[in-house]
Amino acid sequence: MRSRPNAKASPRAGGTAGWPLTLGAVAGLLFLHVPLAFILLYAFSTEEKSFVFPPPGLTLKWFAVVWERDDIWRAMWLSVRVASISTLMALILGTLAAMALYRSRFFGKEVVSLLILLPIALPGIVTGISLRSAFNLLDMPFSYWTIVLGHATFCIVVVYNNVVARLRRSSPALIEASMDLGANSFQTFRHVVLPNVATALLAGGMLAFALSFDEIIVTTFTAGQQTTLPIWMLTELVRPRQRPVTNVVAVFVVAITFLPILGAYYLTRDTHESGGSGK
Amino acid sequence: MSAAAPAIGMPSAWRRVSTALYLRPGLVLFLLLTPPMLWLGIVYLGSLFALLAQSFFYIDGFTGQVVREVTLATYAELFTAANIGIIWRTAGMAASVTIACAIIAFPIAYYMARYATMRTKALFYLAVMLPLWSSYLVRVYAWKLILAKEGIITWLAEHLGFAWLLDGLLSIDVIGGPSLSASYIGTFLVFVYIWIPYMILPIEAALERVPRSLVEASADLGAKPRATFRKVILPLAIPGVAAGSIFTFSLTLGDYIIPGIIGNSRPFIGMAVLQHQGTAGNIPMAAAFAVVPIVIMGIYLTVAKRLGAFDAL
């Protein structure tokens, strides 16, 4: 019995989806992105005591207010410094781990890859309270470095994932050719391996930066009295003072984290697995 | 050639080191792995052990000081009715959020994997990835605006005539409340919204791996599209759903920000941890509470592994 020559019989490439499916997919995407539009809208609201909809009027003055606020600038600067140093550490440690693991087989390799994954597989609060307990046991005071310690730990896996994906896709013949032509290991690393993984490194670094810049769960436990930008936002959310000011800051946070992610996407768009499977 | 020429005559120090390393791949592996393993071993595993250790200490009820003696007293205290309630509340929320995420994510993932053109797929992919990587707090905050009593949902309800529905939902006993932003419905909505990208991507990856020939074979053998979907595509998508559920479940278990901002302030595990270590200063109790999600995730991962979740990650 032959199947009827019905184009709809099997979903195939280039086929068209039924309207319920298309509707479901589009509605899902809207669900993901429309809420952010309200942040933008309320950043211009003249009402500062409540989230009344529709906003009674629109104004630009909150942007000026934010510009004048020292506490916001200090929080932003702390976040940028933490994210930069954490990213740098994650880049070094993640690349080393990727180079060690991408083609070798050894006893305990599974354990090593699990250890790299663990900081993001377990809930953030576990990482946070663990670090906090350790600082407590060692009588370590909170500082800039206690924040970095936490952030670098969960950023390693991001860099690792990106670099390992690139290394697996590049041909080992390139390295052999380089050695055959007389380059030593260091020259090969410098002139062959490094240029090959450069964009993956950049992408991993950008994602790590975005992740760290935005992190709140672990930071709450490791920051002590210090205020990073997400911690500043959280305090404002719990005890709002000027609500539109928080909105303006939120718009900036979205911009600052979206840009590196977009960049990372374009750098690794041929490696499909780059982004999502990571976090 | 020219680069090699001088090296043959007089091997430089670098070359000698290079050769020595080349002959000892084990040493290279050791040198490469030592820094990351030291970091993760000391900073991360060390801290996890510190956490475990603290959970076996107890707090002196009289002085309020942590007593560094091994005891199970803190764990015994963990199993009081109030704490069991917190654990059940959190696990129940995590389970319902996971189910809702799977239902909403499936059509998106299915559309991406089967019907989207290259351009649309890239667009969808980016649209799912951006919220996954960024602005967690901002996205939670967006819902505070939307769900507020004076916010857009109430406004829409009044203008489109479904205020009765909203009031009806909010008057339901446990899940309702004075406004959406102070009810479990709100907490649930925000959890689903925040974690859904983690569900979409693994399902999409699993669906993408279903060979087209399999679907065609099913059709050739006379299966209607509905039957093909139910008997071929859906079973093959299960590992993806299981992989995604690891994230949605684990992330909901440990979150304390969302129920703190949106909800009726009845505690979840994360909030209990934060409260015990912060205001109460009872680090042993906080540590014992933090062990709960680790244990639950351990059980969950074992089940997920059976369902093939790790192949779909």
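It should be emphasised that the depicted structure is a prediction, and the values quoted were computed from it without experimental measurement. Here is how names work: the chains are called A, B, and so on, in the same order as the sequence lines, proteins then strands, and each is numbered from 1.
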- Task: Side-chain contact test, heavy atoms from C-beta onward, threshold under 4.5 Å: evaluate it for Q187(A) versus R15(B) and give yes or no.
- Result: yes
- Could you have a look at V140(B), L145(B), T252(B) and say which one has the most heavy-atom pairs with chain A under 4.5 angstrom? L145(B)
- Query: Quick one: are Y136(B) and L211(A) in side-chain contact, heavy atoms under 4.5 Å?
  - Reply: no
- Quick one: what part of P293(B) sits under 4.5 Å from any heavy atom of chain A, side chain, backbone, both or neither? side chain
- One should read off an interatomic distance between L40(B) CG and L93(A) CG, to the nearest 0.5 angstrom, of 7.5 Å
- Query: What is the distance from atom CD1 of I257(B) to atom CD1 of I125(A), rounded to the nearest 0.5 Å?
  - Reply: 9.0 Å
- Could you check T220(A) against Y256(B) for side-chain contact (heavy atoms from CB on, under 4.5 Å), going step by step and ending with a plain yes or no? CA-CA 11 Å; T220(A) 314; Y256(B) 59 87; 2.8 Å; yes
- Side chain / backbone / both / neither for I116(A) at chain B, heavy atoms under 4.5 Å: both
- Checking heavy atoms, do the side chain of I156(A), its backbone, both or neither come under 4.5 Å from chain B? side chain
- Task: Hey, could you give me the OG/CZ distance between S133(A) and F49(B), rounded to the nearest 0.5 Å?
- Result: 13.5 Å
- Message: Which atoms of A127(B) are under 4.5 Å from chain A, going by heavy atoms: the side chain, the backbone, both sets, or neither?
- Response: both
- Under 4.5 Å from any heavy atom of chain B - which part of T95(A): neither
- Item | Least distance between heavy atoms, I108(B) atom then G28(A) atom | CD1-CA, 3.5 Å
- Side-chain contact test, heavy atoms from C-beta onward, threshold under 4.5 Å: evaluate it for V26(A) versus Y111(B) and give yes or no. no
- Item | Minimum side-chain heavy-atom gap L234(A)-I261(B) below 4.5 Å | yes
- Non-hydrogen atoms of chain B under 4.5 Å away: do they reach the side chain of F106(A), the backbone, both or neither? side chain
- Message: Does any part of the side chain of V126(A), heavy atoms only, come nearer than 4.5 Å to the side chain of V291(B), both counted from C-beta?
- Response: no
- Message: Which label fits W14(B) and F186(A): parallel for a plane angle under 30°, tilted from 30 to 60°, or perpendicular past 60°?
- Response: perpendicular
- Message: Does W143(B) form a side-chain contact (heavy atoms from CB on, under 4.5 Å) with F38(A)? I'd like the steps, not just the answer.
- Response: CA-CA 9 Å; W143(B) 281 90; F38(A) 287 101; over 6 Å; no
- Can you tell me how far CG of L130(B) sits from CG of L32(A), rounded to the nearest 0.5 angstrom? 10.0 Å
- Scored by heavy-atom pairs under 4.5 Å with chain B, the best of L237(A), V254(A), L41(A), L101(A) is L237(A)
- May I ask you to name which of L36(A), T188(A), L131(A) has the most heavy-atom pairs under 4.5 Å with chain B? L131(A)
- Query: Can you tell me how far the CD atom of E236(A) sits from the CG atom of L137(B), to the nearest 0.5 Å?
  - Reply: 11.5 Å
- Message: How long is the straight-line distance from OG1 of T127(A) back to CG of L48(B), given to the nearest 0.5 Å?
- Response: 7.0 Å
- F221(A) vs L274(B), side-chain contact (heavy atoms from CB on, under 4.5 Å): CA-CA, chis, key distance, verdict: CA-CA 8 Å; F221(A) 288 93; L274(B) 190 68; 3.7 Å; yes
- Message: Please tell me whether S130(A) and Y44(B) have a donor and an acceptor in their side chains that are separated by less than 3.5 angstrom.
- Response: no
- Using a 4.5 Å cut-off on heavy atoms from C-beta on, say whether the side chain of S250(B) contacts that of L122(A). no
- Task: Can you spot which of T246(A), N247(A), T257(A), V253(A) makes a side chain to side chain contact (heavy atoms under 4.5 Å, CB included) with V138(B)?
- Result: V253(A)
